[in-house]
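Scroll down for the structure; my scribbles are underneath it.
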Amino acid sequence: MAGAADHLPAGLVPWTAERLGDLVALAEQALPDEHLTPDELQSVCFEDGGAVIGSPDGLGAVAVVRRARPGRAVTDPGPGFIRLIAVDPGAQRAGLGRALLDAGGDWLFAQGAEEVHAGGDAPFYLWPGVDVRATAALCLFESAGYVPVGAEVNLAIGVPLRPATVSPQPGAPGFAVRRALDDADAERVEAFVARHVPTWVPEVLRAIEQGSCLVAVLDDDRVAGVACHSVNRAGWVGPLLTDPALRSIGLGRALLVEVSRDLSSADLRRAEISWIGPLGFYVRAADAWVSRVFRTLRLTRPPG
């Protein structure tokens, strides 16, 4: 939060964690369909550095963070992210949204960011971009100079899934799926994820702390796959990772089944699989369908 109060436009102030209640109330008014919980907003907006800037009256706020590039020092000019921007419906179309967006970008550039992205700030994130249905938000970012650079999709699946029915292949190793709970599991899961997708390690470790990490273990006790859920958003699935050399023995489907059991026990009937790469696996394994599309947007530091 250091420096958040420096050079803010008149009428905007830093919000500390003591204003979590205001942020929750604002999200309920401005983004009612997102069903953002106090825990989600607390962890994403107040427990990962960055800053929250808002109006004193609670009618608008923007949450931002700058990240060092993976493997680089924190002083490296990595990207900045607008992780949340919300304006009370009664205060929209009066310039507050643009003032907040500009203030968030200016704060990030002052922290050394070379560019600013809308969403997508893993391992703490609320969305991978801007929902393509959010017309007003897309227009706001466009007016501030953000340009589209791509798109990301979420998939949805019904839960619970039917148990996996995979015929074992001759010579294929056996495996079991269990919850990662003890220190030994945590160390082995961390090593497995670090070997394959190191940028996912912080998210997976958070899932282990929350008890929402399932691990597929071979008969010889080697970790062969990991699936997490509800790390950033309740009911959202991910990360999910299986050993590339063992993807024909049903690991991914078995992990999804166990995740779906977790979610169905929490009275959920649908799970959101966030920020998908290849779609084919989820469609084949779980009859998944595209549920949301997000436009990814970027603003480059102005010259001078």
Checklist entry - Between Arg298 (side chain) and Val149 (backbone), is there a donor-acceptor pair under 3.5 Å? => result no
Item to check | Same apolar cluster: Leu108 and Ile53, side chain cutoff 4.5 Å | outcome: yes
Checklist outcome for this item: Here the salt bridge (Lys or Arg N to Asp or Glu O under 4.0 Å) pairs for residues 274-297, sequence neighbours left out, are Glu34-Arg292, Asp131-Arg292
Checklist entry - Under 4.0 Å between a Lys/Arg side-chain N and an Asp/Glu carboxylate O for Glu272 and Arg270? => result yes
Checklist entry - Are Arg206 and Glu209 within salt-bridge range, i.e. N to O under 4.0 Å? => result no
Item to check | Residue pair Ser274 / Leu155, side-chain heavy-atom distance below 4.5 Å | outcome: no
Checklist entry - Are there more than 12 heavy atoms of other residues, nucleotides or ligands under 6.0 Å from atom CZ of Arg222? => result no
Checklist entry - Near Glu142 CD, under 6.0 Å, is it more than 12 heavy atoms from other residues, nucleotides or ligands? => result no
Checklist entry - For the atom pair CH2 (Trp236) and NE2 (His229), what is the distance rounded to the nearest 0.5 Å? => result 15.0 Å
Checklist entry - Okay, side chain of Glu40, backbone of Thr37: is any donor-acceptor separation there less than 3.5 Å? => result yes
Next on the checklist: Given 3.5 Å as the limit, does a donor-acceptor pair link the side chain of Thr242 with the main chain of Arg247, or not?
Outcome noted: no
Next on the checklist: Among residues at least two apart in sequence or on other chains, which ones pass side chain to side chain contact (heavy atoms under 4.5 Å, CB included) with Ala180?
Outcome noted: Asp185, Val189, Ile208, Cys213, Val215
Next on the checklist: To the nearest 0.5 Å, what is the distance between CG on Asp88 and CG on Leu96?
Outcome noted: 9.5 Å
Checklist entry - Ion pair present between Arg179 and Asp262, side-chain N to carboxylate O less than 4.0 angstrom? => result yes
Item to check | Derivation and outcome, side chain to side chain contact (heavy atoms under 4.5 Å, CB included), residues Leu299 and Phe109 | outcome: CA-CA 10 Å; Leu299 177 69; Phe109 289 137; 4.1 Å; yes
Checklist entry - Any idea which heavy atoms bring His117 and Pro79 closest together, and the distance? => result CD2-CB, 3.6 Å
Next on the checklist: Go through it in stages, so that I can follow the logic: the residues are Ile276 and Ile273, the test is side chain to side chain contact (heavy atoms under 4.5 Å, CB included), and I'd like the CA-CA distance, side-chain angles, deciding distance and then a yes or no.
Outcome noted: CA-CA 7 Å; Ile276 294 300; Ile273 307 175; 3.1 Å; yes
Next on the checklist: Is it the case that the side chain of Arg98 and the backbone of Leu140 share a donor-acceptor pair, with hydrogens and angles ignored and the cut-off at 3.5 Å?
Outcome noted: no
Next on the checklist: So does Gly60 get a backbone contact from the side chain of Ser55, meaning a donor-acceptor N/O pair under 3.5 Å?
Outcome noted: yes
Checklist entry - Salt bridge check: are Asp48 and Arg67 linked by an N-O gap of less than 4.0 Å? => result yes
Checklist entry - Which is it for Phe175 and Asp219 under the side chain to side chain contact (heavy atoms under 4.5 Å, CB included) test, yes or no, and what are the steps along the way? => result CA-CA 5 Å; Phe175 67 90; Asp219 289 344; 5.6 Å; no
Checklist entry - Is the backbone of Val65 close enough, under 3.5 Å, to the side chain of Arg83 for a donor and an acceptor to pair up by distance? => result no
Checklist entry - Just wondering, more than 12 heavy atoms not from Arg93 lying within 6.0 Å of its CZ? => result no
Item to check | Joint hydrophobic cluster, Leu256 plus Val197, side-chain heavy atoms closer than 4.5 Å | outcome: no
Checklist entry - What pair of heavy atoms forms the shortest contact from Val226 to Cys228, and how long is it? => result CG1-SG, 3.9 Å
Checklist entry - Between the main-chain N or O of Ser230 and the side-chain N or O of Gln210, is there a donor-acceptor pair closer than 3.5 Å? => result yes
Checklist entry - Parallel, tilted or perpendicular for Tyr125 and Trp275, by the 30°/60° rule? => result perpendicular
Checklist entry - Sub-3.5 Å donor-acceptor pair from the side chain of Ser260 to the main-chain atoms of Leu161, do we have one? => result yes
Checklist entry - Roughly how far, to the nearest 0.5 Å, is CD1 of Ile157 from OH of Tyr282? => result 9.0 Å
Checklist entry - Side chain of Asn232, backbone of Pro123: donor and acceptor closer than 3.5 Å? => result yes
Item to check | Residue list, side chain to side chain contact (heavy atoms under 4.5 Å, CB included) with Ala61, at least two apart or on another chain | outcome: Trp15, Leu23, Leu26, Val52
